[in-house]
Amino acid sequence: MALLKSNQIKAVRFNTRPEAFQVYTERQLDKIDALTLLTEAQRFEMKVVAHVLPFRVNRYVIDNLIDWKNIPDDPIFKLVFPQREMLSEDDFDQMAAILRSTDDRGLIVNKANEIRKKLNPHPAGQQTLNVPYQNDEPIDGVQHKYRETVLFFPSQGQVCHSFCTFCFRWAQFIGDKNLRFSCKEADKLREYLAGHKNISDLLITGGDPMVMKTDHLAVYLESLIKPELNHIQTIRIGTKSLSFWPQRFVSDDDSDSLLELLEKITKTGKHVAIMAHYNHWREMATPLAQEAIRRLRAAGVVIRTQSPLLNHINNDPDVWVRMWREQVRLGLVPYYMFVERDTGARRYFEVPLVRAWEVYRQAIQRVSGLARTVRGPSMSTGPGKVEIQGVSTIRGEKVFVLRFIQARNPDWVQRPFYAQFDPEATWLEHLKPAFGEKQFFFQDEYDAICRDKFASESC
Ligand code: SF4
């Protein structure tokens, strides 16, 4: 506690008695009083979709973030509650027919799994291309795609305080163990990191690692301050708890010890970065959310923010302007605008790449230099993170100007490349190289990386 007193992390104005965490899943949809504002048909539609895509929402989100006078249009409502259009008409009708005709769990689950398979549960080769090997064995719960950064999925952190309807990791939440990344062993992670001195950043992710009790998180974090891991300079923690459960940093029974732990790590000289997911400025508007930010910053943590551009939620430059301005005011660093990924309920959320670029451009022009730290719009694809830099006309051809921000081969980074302009395209795979080229410059090499990986796995 001495550390806490010294830097004023302690909350002064808040009731710091732990608040009960109350959560609703697909089976408890009928217990959410506010949903009586919807018609019975709308509630049934919600159930149909919730049988396919994961659904989970907590009381704080229901009571504080959703404007119930504005449903079904409210952006946070759409961020957490399933909507009919998230499934194709055909899939929706089939699932609805099953639910109307039977309560046989086996039949319902079979149909759900059939539909899920069509929704590209693991985009960008996550389950194959990114898993590293140690002593010829794959290391479960770890992904190593870019040279400097390793992703770690602690097994106790593979759930979230609420689920986002757009989530690109939705497959982890549907109970299929084959589709989950998670690892219990801090030792395996430490061994792998110790053997790779070129890794500078560890991203602890999920789900949401902040669902973990401080004691569990401490097992992983404290192992990172051992001398053999001096090369790990930055510990990033991907989380949406600042939005969905800010109590985690203010009033949970172990929130003080969590902040004490984070402060201890920052005092060793490592950079601790909270990679905060915010999709709308409303998520930062509650006094509790702002107090959580204040306490994290007092612990020496830097909060960086990211979000995909989502139709129905933030497909509007005004929303981004207000969000980035507010983030800068609260001391957060805007980091990424992503393009909605090619998985799950993408059909509902995606916008054409050209629209994403227009929203980004219109928003970035209206914020000060301190908010222009945000990069994007970026696609997290198999070869790397591809940013849309703009639309231009070169030698009479209208093109997208693209670049890698991160890539499987670091040599690809920052090399501009060009695609034929396509007003409908929503992902890299839809784009064709410009100027009559047969393929993009990285294609042969990327194909070879994929071939090598698959060959080594079949050995
Ligand atoms: S908090 Fe992150 S991992 Fe959890 S559902 Fe939302 S996007 Fe997915």
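Whatever order the structure lists ligands and atoms in, that order sets their numbers, starting from 1.
- Nearest protein heavy-atom neighbour of atom 4 (Fe) of ligand 1: Cys160 SG, 2.3 Å.
- Not one N, O or S atom of His277 sits under 2.8 Å from atom 4 (Fe) of ligand 1.
- Screening Phe163, Phe55, Tyr24 for a ring-ring contact (aromatic ring centres under 6.0 Å, His included) with Phe81, the sole residue that qualifies is Phe55.
- Within the coordination shell of atom 8 (Fe) of ligand 1, defined by N, O or S atoms under 2.8 Å, Cys167 is present.
- Seen from the ring of Phe44, Lys47 does not count as a face-on cation partner, given the 6.0 Å and 45° thresholds.
- Remark: distances from the non-hydrogen atoms of Gly206 to ligand 1 are all 4.0 Å or more.
- In terms of protein heavy-atom proximity, atom 6 (Fe) of ligand 1 is nearest to Cys164 SG, 2.3 Å.
- For the pair Arg84 and Phe92, the cation-pi criterion (under 6.0 Å, within 45° of the ring axis) is fulfilled.
- Salt-bridge annotation for Arg248 and Asp254: present, with a side-chain N of the basic residue lying under 4.0 Å from a carboxylate O of the acidic one.
- Annotation: atom 1 (S) of ligand 1 to nearest protein heavy atom, Lys240 CB, 3.5 Å.
- Remark: Arg295 fails to qualify as a cation-pi partner of Phe249 under the 6.0 Å distance and 45° angle criteria applied to the six-membered ring.
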